[in-house]
Visitor: 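Once you've had a glance at the structure underneath, I'll fire off some questions.
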2 protein chains.
Amino acid sequence: MKHTYEYPRAALTVDCVVFGFDSTQAALQVLLIRRGLAPFKDHWALPGGFVRVEETLDEAARRELEEETNLSTVFLEQLYTFGTVDRDPRERVVSVAYYALTKPADHTTAASTDAAEARWFPVSDLPPLAFDHAEIFATALARLRGKLRYEPVGFELLPPKFTLTQLQRLYESVLGTPLDKRNFRKKVLSHDLLVPLKETHREGTHRPAQLFRFDPVRYEKLKKKGFLFEI
Amino acid sequence: MKHTYEYPRAALTVDCVVFGFDSTQAALQVLLIRRGLAPFKDHWALPGGFVRVEETLDEAARRELEEETNLSTVFLEQLYTFGTVDRDPRERVVSVAYYALTKPADHTTAASTDAAEARWFPVSDLPPLAFDHAEIFATALARLRGKLRYEPVGFELLPPKFTLTQLQRLYESVLGTPLDKRNFRKKVLSHDLLVPLKETHREGTHRPAQLFRFDPVRYEKLKKKGFLFEI
DNA sequence: CCAAAAGTGTTCAGGCTACACCCATGT
DNA sequence: ACATGGGTGTAGCCTGAACACTTTTGG
């Protein structure tokens, strides 16, 4: 069935910048898919696709994420809308970009899916991207950096149980600067949002590390009182 | 001429939240237009309209602003894209919202224009708005509050020459809290971004106030060195 | 001389930075 | 016993908050 309008209309898509964190390599990563069709056939691109007329933008982003990368229940937030006229060579396409944060547990399921090839790349070493996806990615990374400083989103990138060193490595690789161990620990613990568990993380030939979990309930309470995370 | 597509497409619009500041009343204001057509006929709404297929989103926002309110050369930044399915009763409409900051000099020209009636309203006393424009406005105000704390955008709302008291009143009415006069002056002057002029602002029966201007060149230099405004 | 807003410094407390050593474990 | 990362405290500095009086003008 065809659809006819008085004036020409832009096509509307969503694109997602999906971040993941590899604790063993202490590297921030992005999920890309390889395009099977022209234009930019065989190039790497952000997962995304057309917005259906009966779904919201958020729903479209979540649907595409699930279809293309098999990820669900991730942190997802709208980023920016890209609307230069020639960003797609075929026709006018306006894209609402989102960024997503995923926990490592979801990673394995992510790669093993769908028709298109999906792969994690370290943000420090990305392949050339299709369309204006490099610009979208840069915007997302800048946003993640800003967000991480003021809101506790870092936990979205770690497993439910994590060590303070893992958290510090995450902050360091996102912000791109080394942080002082003692000051970092003092600061994050001072917020009283991390609950120490009765377990430890043992790995390698050294003292085991205390495991913590993030307390989202307590965070919601603090937020209502006009609280800033600030690290 | 008709335009036909394989799948139904959402219409794409831009809407602008235009802020102004009335120094004499120390009140933050928003520019609204009265709708001449259904739906929401005679309701107040944000200025905005359809995005043409050959113009970028930024261009569309600027064009609508000029057509509907006769404002040009204002600070304009993309805010958020609103895409719930039923936000427009007629059909699916996705709206890219912008917010704009205008200097008082532009205000007079703003009201006296175009077919539709345009008026400034204090943000503390808005009429009911059409569509989901109340939500868009709330998002814009929150964004302006955040932005003002970290970037020197306040000057976009003041005339080129202004007094420190005017600047303080602006901050107070946007942030919604009274500020300490001495601390405020110390802080803003410490950034070294305000240039004292050889003129004073005389008004009423009291000591005249020093006039300042903002130094955007110096700001650009500082910004490159990773500087934060922070007030 | 009175009313009204402009302009100006100091003190105190709390947070940020810098910094070095002992602890628990596996081999 | 040694190698490896885990874990801890303090002192100086700087920044933010609180706070009251003098100055300049017009009427």
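Residue numbers begin at 1 in each chain, while the letters A, B, ... track the order of the sequences. Keep in mind it's a predicted model, so treat the numbers as computed, not measured.
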Visitor: Is the shortest side-chain N to carboxylate O distance from B:Glu220 to B:Lys224 below 4.0 Å?
Guide: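 Salt bridge absent between B:Glu220 and B:Lys224.
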Visitor: Under 4.0 Å between a side-chain nitrogen and a carboxylate oxygen: does that hold for A:Glu172 and A:Arg169?
Guide: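 The answer is yes: the pair qualifies as a salt bridge.
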Visitor: What nucleic acid atoms does B:Thr163 come within less than 4.0 Å of, heavy atoms only: base, sugar-phosphate, or nothing?
Guide: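 No contact.
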Visitor: Send over the distance from A:Leu189 CG to D:dG6 P, rounded to a whole Å.
Guide: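 Between P of D:dG6 and CG of A:Leu189: 14 Å.
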Visitor: Return the orientation label for the B:Phe121 and B:Trp44 ring planes: parallel under 30°, perpendicular over 60°, tilted otherwise.
Guide: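 B:Phe121 vs B:Trp44 ring planes: perpendicular.
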Visitor: Return the residues of residues 190-206 of chain B meeting this criterion: a heavy atom under 4.0 Å from some atom of DNA chain C. Order them by number, or give none.
Guide: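 Under 4.0 Å from DNA chain C: B:Thr205, B:His206.
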Visitor: Is A:Lys186 side chain donor-acceptor paired with the D:dT10 base, going by distance under 3.5 Å alone?
Guide: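 Answer yes: a donor N or O sits under 3.5 Å from an acceptor.
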Visitor: Would you call B:Glu135-B:Arg87 a salt bridge at under 4.0 Å N-O?
Guide: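 Salt bridge absent between B:Glu135 and B:Arg87.
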Visitor: DNA chain C: A:Lys181 or B:Ala209, which has the more 5' nearest nucleotide?
Guide: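 The 5'-side residue here is B:Ala209.
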Visitor: Would you call B:Tyr99 and B:Asp15 a side-chain contact if the rule is heavy atoms closer than 4.5 Å?
Guide: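 They are not in side-chain contact.
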Visitor: Does a side-chain heavy-atom distance below 4.5 Å link A:Phe137 with A:Val30?
Guide: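 They are in side-chain contact.
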Visitor: Whole angstrom is fine here: how far is it from CG in B:Asn183 over to C1' in D:dC19?
Guide: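 Rounded to the whole Å, the gap is 9 Å.
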Visitor: Can you pull the contact range of chain A along DNA chain C, 5' to 3', using atoms under 4.0 angstrom from its heavy atoms?
Guide: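 Contact span on the strand: C:dC16 to C:dG26.
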Visitor: Just to be sure I understand the rule, does A:Lys187 reach a base, reach only the sugar-phosphate, or reach nothing, if contact means heavy atoms closer than 4.0 Å?
Guide: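 Sugar-phosphate, backbone atoms only, no base.
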Visitor: For A:Phe184 and D:dT8, what is the distance between atoms CZ and C1' respectively, to the nearest whole Å?
Guide: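 One finds 16 Å between C1' of D:dT8 and CZ of A:Phe184, rounded.
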Visitor: Please tell me which of the listed nucleotides, D:dT25, D:dC19, D:dG7, lies nearest to the side chain of B:Arg182?
Guide: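 Per side-chain heavy atoms of B:Arg182, the pick is D:dC19.
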Visitor: Between A:Asp192 and A:Arg218, does any side-chain N to carboxylate O distance fall below 4.0 Å?
Guide: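 A:Arg218 and A:Asp192: salt-bridged.
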Visitor: Do the ring planes of A:Phe40 and A:His43 sit parallel (below 30°), tilted (30 to 60°) or perpendicular (above 60°)?
Guide: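 The rings of A:Phe40 and A:His43 stand perpendicular, inter-plane angle above 60°.
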Visitor: Which comes earlier along DNA chain C counting from the 5' end, the contact point of B:Gln166 or that of B:Asp180, where each point is its nearest nucleotide?
Guide: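 Comparing both residues, the 5'-ward one is B:Gln166.
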Visitor: For the pair B:Arg63 and B:Glu59, find out whether any cationic side-chain nitrogen is under 4.0 Å from an anionic carboxylate oxygen.
Guide: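 Result for this pair is no, no salt bridge flagged.
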Visitor: Atom CZ of B:Arg207 to atom P of D:dG27: distance rounded to whole Å?
Guide: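 For the pair B:Arg207 CZ and D:dG27 P, the rounded distance is 18 Å.
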